[in-house]
Participant: 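Before anything else, here's the structure in question.
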Amino acid sequence: MAYENIRLEIEEAIAVLTIDRPKALNALNSKTLQELESAFNSLPTTVRALIITGGGDKAFVAGADIAEMASISSAQAREFAALGHRAFQTLEQLPIPTIAAVNGFALGGGCELALACDLIYASEKAKLGLPEVSLGVIPGFGGTQRLTRVVGKMRAKELIFTGERLDAAKAKEIGLVLEVLPADQLLAHCKAVAAKFLKNGPLAVSQAKRVIEFGADQDLRAANELERQGFAVLFGSEDQKEGMKAFLEKRPAGFTGK
Ligand code: CO8
């Protein structure tokens with residue numbers, strides 16, 4: 001499908017999705033959110049890892065599009081927020097691992113997009129934050145909830161109440177990003193991490209993601225039950241038989257995702 005504001009490139013089962021409106025620092029307008037939702041819903045089944053990054057050399061995504069939001073009504077804001085939530089929830093629930101390669105500003109909706117990915121890596125020049133209160137609003141694409149789950153309630157409150165931007169090192173210190181890389185090595189690093197996922201059983205990786213995601217919002221007993229179910233389900237797969245047989249035969253496994 002042809003998109004206006006995003007680019008999707010697929011190489012050896014790893015998809016790189018670039019949000020590409022560099023003149024507006026890749027800000028998320030409705031069109032871009034619709035394209036993201038459509039791209040997430042129509043990823044080829046051959047894709048086994050997704051990396052999201054920003055076009056140009058300044059921004060990952062500098063937020064929701066302020067020009068589009070400036071004069072909308074409450075009802076339109078609800079619709080706009082619903083669109084963002086839908087797109088990010090679709091991303092979060094993809095059955096494959098997703099990585100945000102934060103190559104510059106990840107503010108507001110951009111930080112929220114990164115938070116909807118499984119892993120976040122950042123370049124040395126990245127700046128992350130949720131500055132919505134400085135615009136008289138609050139995060140509206142899941143930031144109040146996902147940031148809290150990642151860095152804890154008190155840190156999330158500090159970041160959201162101050163609206164301050166963190167540099168990459170500070171973001172790593174509080175656990176908002178996993179690693180900080182030189183700008184020219186960020187994408188290669190993310191691809192190398194994705195390549196490690198690809199060596200493993202695709203059904204197992206997918207099941208692990210599902211159990212972690214759905215379990216995180218439940219009490220420990222219910223969450224562990226989810227794990228037990230996921231574990232048992234995999235014993236009906238060819239990959240489980242191949243993985244264990246390959247170990248016993250001292251050879252690499254040839255997983256097929258079946
Ligand atoms: N929306 C629209 N345009 C933007 C945005 C944005 N979020 N960010 C930057 N731009 C545009 C600028 O207007 C400018 O356009 P132009 O060249 O036409 O004047 C161009 O991008 C370049 O930006 P700057 O000249 O400002 O570049 P600087 O290097 O000086 O500054 C900053 C970079 C610091 C990133 C600065 O652009 C900035 O502060 N941007 C806004 C950051 C922000 O506040 N983001 C949060 C937005 S609110 C949000 O995301 C809410 C999400 C939930 C929505 C729920 C819906 C109801």
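Everything numeric in this text was worked out from a predicted model, so none of it was measured. Both ligands and their constituent atoms are indexed starting at 1 by order of listing. All residue numbers refer to positions in the sequence shown, counting from 1.
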Participant: Between N41 and S38, does any side-chain donor sit less than 3.5 Å from a side-chain acceptor?
Facilitator: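 There is no such pair (donor and acceptor under 3.5 Å, judged by atom type) between the side chains of N41 and S38.
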Participant: Less than 4.0 Å between a side-chain N and a carboxylate O, is that true for R21 and D65?
Facilitator: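 Answer for the salt bridge query: yes.
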Participant: Could you check whether atom 19 (O) of ligand 1 has a protein contact, counting only heavy atoms that fall below 4.0 angstrom?
Facilitator: no
Participant: Less than 4.0 Å from atom 13 (O) of ligand 1, is there any heavy atom belonging to the protein?
Facilitator: no
Participant: Give me the residue, atom name and distance of the protein heavy atom closest to atom 48 (S) of ligand 1.
Facilitator: L135 CD1, 3.6 Å
Participant: Cut-off 3.5 Å, side chains only: do S73 and Q76 have a donor facing an acceptor?
Facilitator: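 Yes, because at least one side-chain N or O of S73 sits under 3.5 Å from a partner of the opposite role on Q76.
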Participant: How far is atom 56 (C) of ligand 1 from its nearest protein heavy atom, and which residue and atom is that?
Facilitator: F80 CD2, 3.2 Å
Participant: Test side-chain contact (heavy atoms from CB on, under 4.5 Å) on L130 and L107 and set out the steps.
Facilitator: CA-CA 6 Å; L130 290 171; L107 303 175; over 6 Å; no
Participant: If you measure from the Lys or Arg side-chain nitrogens to the Asp or Glu carboxylate oxygens, is any gap between R146 and E92 under 4.0 Å?
Facilitator: yes
Participant: Enumerate the atoms of ligand 1 whose separation from the nearest heavy atom of P131 is less than 4.0 angstrom.
Facilitator: 43 (C), 44 (O), 45 (N), 46 (C)
Participant: First locate atom CD1 of I19, then atom CG of L25, and finally report the distance between them rounded to the nearest 0.5 Å.
Facilitator: 12.5 Å
Participant: Nearest non-hydrogen atom to atom 6 (C) of ligand 1 belongs to which of A27, A82, C111?
Facilitator: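 Selected option, by shortest heavy-atom distance: A27.
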Participant: Within this structure, what is the OH-NZ distance for the pair Y3 and K31, rounded to the nearest 0.5 Å?
Facilitator: 10.5 Å
Participant: Among A70, G63, A77, A59, which one puts a heavy atom closest to atom 57 (C) of ligand 1?
Facilitator: A77
Participant: Between R228 and E225, is the closest basic N to carboxylate O distance under 4.0 Å?
Facilitator: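 A salt bridge links E225 with R228.
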Participant: Is any heavy atom of the protein nearer than 4.0 Å to atom 31 (O) of ligand 1?
Facilitator: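 There is no protein heavy atom less than 4.0 Å from atom 31 (O) of ligand 1.
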Participant: Yes or no: does K23 have any heavy atom under 4.0 Å from an atom of ligand 1?
Facilitator: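 It does; at least one heavy atom falls under 4.0 Å.
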Participant: For atom 8 (N) of ligand 1, state whether the nearest protein heavy atom is under 4.0 Å away.
Facilitator: yes
Participant: Do V16 and L50 come within less than 4.5 Å of each other through their side chains, counting heavy atoms only?
Facilitator: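 No, their side chains stay 4.5 Å or more apart.
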Participant: For ligand 1, which atoms, with element, lie under 4.0 Å from some heavy atom of E112?
Facilitator: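 Contacts of ligand 1 toward E112, numbered from 1: 52 (C), 53 (C).
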Participant: Consider only side-chain N and O atoms of Q89 and R86, and report whether a donor and an acceptor are under 3.5 Å apart.
Facilitator: no
Participant: Right, does atom 16 (P) of ligand 1 have protein non-hydrogen atoms nearer than 4.0 Å?
Facilitator: no
Participant: So which protein heavy atom does atom 53 (C) of ligand 1 come closest to, and at what separation?
Facilitator: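 In this structure, atom 53 (C) of ligand 1 has G140 N, 3.3 Å as its nearest protein heavy atom.
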Participant: Looking only at distance, does F141 have an N or O less than 3.5 Å from an N or O of ligand 1?
Facilitator: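 The answer is no, given that F141 and ligand 1 share no N or O pair closer than 3.5 Å.
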Participant: Kindly identify the option in G108, A24, A62 whose heavy atom sits closest to atom 43 (C) of ligand 1.
Facilitator: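 Looking at heavy atoms only, the winner is A62.
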Participant: With respect to atom 49 (C) of ligand 1, which of E132, R165, H85 exhibits the smallest heavy-atom separation?
Facilitator: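 Among E132, R165, H85, the closest heavy atom to atom 49 (C) of ligand 1 comes from E132.
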Participant: Please determine if D217 and R149 form a salt bridge, counting it only when a charged side-chain N lies under 4.0 Å from a carboxylate O.
Facilitator: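 Yes, this pair counts.
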Participant: Indicate, as side chain, backbone, both or neither, the part of K58 found under 4.0 angstrom from ligand 1 when only non-hydrogen atoms are considered.
Facilitator: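 The side chain, only.
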Participant: Among all protein heavy atoms, pick out the one at the shortest distance from atom 23 (O) of ligand 1; state its residue, atom name and that distance to 0.1 Å.
Facilitator: L25 CD1, 3.6 Å
Participant: I'd like to know if E68 contacts ligand 1, where contact means a heavy-atom distance under 4.0 Å to any ligand atom.
Facilitator: no
Participant: Indicate whether the side chain of S30 and that of E68 have a donor and an acceptor atom separated by less than 3.5 Å.
Facilitator: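 Yes - a donor-acceptor pair under 3.5 Å links their side chains.
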Participant: Say whether I66, considering both its backbone and side-chain N or O atoms, lies within less than 3.5 Å of an N or O atom on ligand 1.
Facilitator: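 Yes.
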Participant: So, for atom 36 (C) of ligand 1, does the protein have a heavy atom nearer than 4.0 Å?
Facilitator: no
Participant: Judged by modelled atom types alone, do N103 and S123 share a side-chain donor-acceptor pair under 3.5 Å?
Facilitator: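 Not at all, the side chains of N103 and S123 share no donor-acceptor pair under 3.5 Å.
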Participant: Which protein non-hydrogen atom lies closest to atom 38 (C) of ligand 1, naming both residue and atom, and how far is it?
Facilitator: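 Ranked first by proximity to atom 38 (C) of ligand 1 is L107 CD1, 4.7 Å.
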